[in-house]
Amino acid sequence: MPYRFEPYASESGETNSESDSGDDNPPDDRQIPLDLQRLNNVEWCTCGCCRADNLETVQECVCCRELAKVQALNGNHGGSCITQHPGFEAVCLNEYVLDVAYSNYKQNHGHLNKSPHEYV
């Protein structure tokens, strides 16, 4: 049965996943200040795990505790940082899980426009 996992289109022509995507991000996530003062320091970090040496752009300078969805997910499991969540290592750091996720991404969206060393 082809297309059985595809989202249905709404009357406006958007798929359900496209029209729902705006509602998934709470307004407070959009209010995170992204300014140059966040680069090369971690004074803005509230979880205690952010490191300035691996954050190269202002967009990357966001603490997990500034995101409402992450706080809601991590709130049930304790710990101050999302990296302490029981599922983080298995889902985000496992090479085989990431390979399957990337294969799925390629199938749905095509190749990423990055060099191979950026995938690892």
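- For the pair Val58 and Leu39, the minimum side-chain heavy-atom distance is below 4.5 Å.
- The distance from atom SG of Cys64 to atom NE2 of His85, rounded to the nearest 0.5 Å, is 11.5 Å.
- Looking at every heavy atom in both residues, Gln71 comes nearest to Arg65 through NE2-O, 2.8 Å.
- To the nearest 0.5 angstrom, Asp99 atom CG is 10.0 Å from Asn94 atom CG.
- What you find for Leu98 and Cys92 is that their closest heavy atoms are CD1-O, 3.5 Å.
- Ring pair Tyr105/Tyr102 is parallel by interplanar angle, where below 30° counts as parallel and above 60° as perpendicular.
- Closest approach of Ala90 to Val97, counting heavy atoms only: O-CG2, 3.5 Å.
- For the atom pair SG of Cys61 and CD of Glu56, the computed distance is 10.0 Å after rounding to the nearest 0.5 Å.
- Residues Cys50 and Trp44 form a side-chain contact, since some pair of their non-hydrogen atoms from C-beta on lies under 4.5 Å apart.
- One hydrophobic cluster holds both Leu67 and Leu73 under the rule that ILVMFWY side chains link at heavy-atom gaps under 4.5 Å.
- Considering every non-hydrogen atom in both Glu60 and Asn54, the closest pair reads OE1-O, 4.3 Å.
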